[in-house]
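The structure appears below as structure tokens.
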Amino acid sequence: MTIPIADPGASYRRFAEEIDEAVLSVLKRGWYILGSECEKFERAFADYCGVAYAVGVANGTDAVELALRALGVVHGDKVVTVANTAVATVAAIERIGACPVFVDVDPFSQTLSPEALQNYLRTNSAGVKAVVAVHLFGSLCDMPSILEVAERYGVRVVEDCAQAHGAEVSGRRAGCWGAVGAFSFYPTKNLGAFGDGGAVVTHDPALAERVRMLRQYGWRQRYVSDIVGLNSRLDEIQAAILTVKLKALDEDNMRRRTIAERYRAKLQALPVVLPGDPPGGKHVYHQYVVQCGGRRDELGRYLRQHEIGTAVLYPIPIHQQPAYAERFAGVSLPVTEKLARTILCLPIYPELTDEAVDGVAEAINRFYAK
Ligand SMILES: *Cc1c(COP(=O)(O)O)cnc(C)c1O
């Protein structure tokens, strides 16, 4: 039995009939970009997240960029974030000409440490316009603490929700905590299109309006650019697909949680640190990430030999990536750097069978029994 680390095709097969119909109806209607399907999805997704507005954009990287631009982040501003994230988070900051500043993470949640943020801002808040809090692997950052610190220093908070569709704490979902939330619908995300897609969500009508303008050349009225914008639009086919799949998102997230419980039951006796819910909240397990100490690479190889896919998200923190290392040579993030050496992602997606989960768990048990 081969078990891949992700299987977006399985998600298509599960909804094939409804998706084929939705796509065909868009093709026949003859309106392909920013139309009624996009509006329908934006309404449904805003309701799902518990915010007033959602604005469809071309991908998650653009969503982060447009969120920051809408908040007024410009060339030369500093934006605080973490180094254990998709390089997209940092690429979005730099495309504005803003300067990313990295702070360390909490060793268990692996997300932005409010203490590290406080320590940075206490002495360096000048020039810091925003914080991008990344809800890594499907679990929310400690948003109450992060918001409190940010407010103290007059810094706005963007949530990078690309891995956390539907994740919640105290019944409040990803995207409704900060000033703005940025989502990706890359095919393997918890809510995935069959192409690129993204969304920016917010409670604030003025910010929503600004993102709407930014995503299409700064237009409020067609062919009249009131501000300098760009092109970042959600197409009608992806929007129609997302509307179909959004209806199953809660059920899909529940299945991911059931798989996580199954892994926990079968791995808890091993010398590994397993992920779990944040206090008062629900993890949606975009990734199931175990901390497995010094034998990480050996375990990954062993599983690969048994046709089980694994991944490391992320093997190199951003400040040590070849493209960034020179500029961030002075940066030291001990927790982030240690996690990069010890974490391993196991297969998790709604279509993964119990049998496959057991197969992965048994292989890991065999490895540690060796
Ligand atoms: C996937 C991802 C993005 C980027 O999304 P794209 O749609 O690929 O541009 C940004 N941030 C995080 C944390 C991600 O996982």
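Hydrogens, waters and symmetry mates are skipped; everything else that's a heavy atom, side chains included, is used. None of the values given here were measured: they were computed from a predicted structure. In listed order, ligands and their atoms are each counted from 1.
Applying the salt bridge (Lys or Arg N to Asp or Glu O under 4.0 Å) test to every pair with at least one member in residues 335-345, sequence neighbours left out, gives no pairs at all. Note on residues 302-319: no pairs pass salt bridge (Lys or Arg N to Asp or Glu O under 4.0 Å), not counting sequence neighbours.
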Original post:
Could you go step by step and tell me if Tyr288 and Phe137 meet the ring-ring contact (aromatic ring centres under 6.0 Å, His included) rule?
Top reply: CA-CA 7 Å; Tyr288 191 89; Phe137 303 145; over 10 Å; no
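A cation-pi arrangement, defined by a distance under 6.0 Å to the six-membered ring centre and an angle within 45 degrees of its axis, is absent between Arg43 and Tyr53.
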Could you pull out every donor-acceptor pair under 3.5 Å between side chains of residues 62-72 and any protein atom, sequence neighbours left out?
unit_1 : atom_1 : unit_2 : atom_2 : d
Asp62  : OD1    : Arg95  : NH2    : 2.6
Asp62  : OD2    : Ser232 : OG     : 2.6
Glu65  : OE1    : Arg95  : NE     : 2.4
Glu65  : OE1    : Arg95  : NH2    : 2.3
Glu65  : OE2    : Arg69  : NE     : 2.8
Glu65  : OE2    : Arg69  : NH2    : 3.0

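For Lys78, the NZ atom sits in a packed shell: over 12 heavy atoms of surrounding residues, nucleotides or ligands are nearer than 6.0 Å.
Protein residues having a heavy atom under 4.0 Å from any atom of ligand 1 are Asn59, Gly60, Thr61, Thr85, Ala86, Ala88, Thr89, Val134, Asp160, Ala162, Gln163, Ser184, Lys189, Tyr314, listed by chain and number.
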